[in-house]
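Worksheet: the structure to be examined is printed underneath.
First the proteins, then the strands, lettered A, B, ... as listed; each starts at 1.
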There are 2 protein chains.
Amino acid sequence: MDKRDLLVRTAFKLFYTQGIHAVGINLVLQESGVAKKTLYHHFPSKDHLVEATVRFRDEAYHHWLTGRLGAVAAGRPALLELFSALDDWFHGRAGEIDVFRGCFFINASAEFGDRDNAIHEACAEHKAKIVALIQSHVALLALPAGQARELTDLVTLLKEGAISMAHVQGNLDAALQAKAVFEHVTAGFHKTQSPS
Amino acid sequence: MDKRDLLVRTAFKLFYTQGIHAVGINLVLQESGVAKKTLYHHFPSKDHLVEATVRFRDEAYHHWLTGRLGAVAAGRPALLELFSALDDWFHGRAGEIDVFRGCFFINASAEFGDRDNAIHEACAEHKAKIVALIQSHVALLALPAGQARELTDLVTLLKEGAISMAHVQGNLDAALQAKAVFEHVTAGFHKTQSPS
DNA sequence: CTCCAGGTAGACAGATTGGTCTACTAAGGT
DNA sequence: ACCTTAGTAGACCAATCTGTCTACCTGGAG
């Protein structure tokens, strides 16, 4: 019932599936059944609406992912679950997060390439948040600092790479491939504390 | 002097730095100094021009990368060189390939999300070509089939992930991080033939 | 009781979009 | 000599874009 929220949700769905510049404000209005005046009452411009959709998606995505990771044991199992979650997402089995159309933040950054753009910055913040989430689970493995950093990089890059390949190439098994690589590389990290 | 080529080059530069939908045909015309009639003589529509820029970039990028990889020994050194090349690209030290604004193919796929879209398909073809290039160097390591597939996945995902992180997050060291991970994981693959 | 925030519908403005078209020029092959 | 191809400049078209504005409705707080 909150019109602002309705606008953001509708705009997100359209932007995500069709692209941001490709979707006009009038379509968002028509699809949501909200009056134009109302939109410009809540947002001073389209760009501000776009930024709001980025923040909305940030919250939704983060909520979904922490939910998935929280359902298993913290540490390595959670990192494995990350890839399973991605796999479900790619195959449209992650209801909460909608159909897979690539990473909304990567897509938005593609359309707003200037690094000092507010929309791009919001996307960067999202990525930083996800890296922090990964980092928190890597920390539980009690590895030396250097190894921990490297493992965080590995998971982050594998995850990001899988999303890219799944979208651009249509390789929907990318998450499973990433998972296999991760599993193999970290085969020696089963225990929380490595024997010294 | 070839107007068609001039149009494609100009269009690419503009599309790459500002986004495709964000750049109008008139800007391409103005920037290249070519008449509108000439454009529509060579391309039936803007979309066809876009597709041509994708194929142009595909060729340029592939040429640049094979050149870099060919300058060192094939196999593992070439794979390491891949990450060095990425690092140079991110930092604007890869003159031939222009300023870094993310991966043009990822960006284009973001704006043309339908998988059966000709532009998107051209992007997918490019990625497949790069994967094949990586695969050809992995093959030289003479690993068992399963391990070879996994290593190709690793390099591909690391590379794709690094590009994403470098662009969205502005983490320009992503290539070096990926390289460190790769170096660590493949520390045992120094020899061409693993002892059996 | 009054006022105002939040809402509706939609006309309107000004710029920009992709694309067509006329009129003309120049080079080259047959 | 002729015709095709590639080119110029730019007017023009219909559609669409973001954003403003008028005129009106409604519910709750001071």
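Residues satisfying the salt bridge (charged side-chain N to carboxylate O under 4.0 Å, His left out) test with Lys129(A), not counting sequence neighbours, are Asp58(A). In this view, Arg115(B) satisfies the salt bridge (charged side-chain N to carboxylate O under 4.0 Å, His left out) rule with no residue, not counting sequence neighbours. Evaluation of the salt bridge (charged side-chain N to carboxylate O under 4.0 Å, His left out) rule for Glu183(B) yields no partner, not counting sequence neighbours. The salt bridge (charged side-chain N to carboxylate O under 4.0 Å, His left out) check on Lys46(A) picks up nothing, with sequence neighbours excluded.
Atom NE2 of His42(B) and atom P of dG19(C) are 16 Å apart (whole Å). Protein atom CZ of Arg4(A) is 16 Å distant from nucleotide atom C1' of dA5(C), rounded to whole Å. In this structure, the CG atom of Asp5(B) is 15 Å from the C1' atom of dA6(D), given to the nearest Å. For Leu7(B) and dT8(D), the CG to C1' distance is 13 Å, given to the nearest whole Å.
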B/S/- contact track for nucleotides 13-24 of chain D, protein heavy atom under 4.0 Å: ----SBBBBB--
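The salt bridge (Lys or Arg N to Asp or Glu O under 4.0 Å) pairs that include a residue from residues 162-180 of chain A number zero, where partners must be two or more places apart or lie in different chains.
Here His41(A) does not reach the OP1 or OP2 of dT8(C): none of its side-chain N or O atoms lies under 4.0 Å away.
In this structure, CZ in Phe104(B) is found 14.0 Å from CD1 in Ile163(B), a value given to the nearest 0.5 Å.
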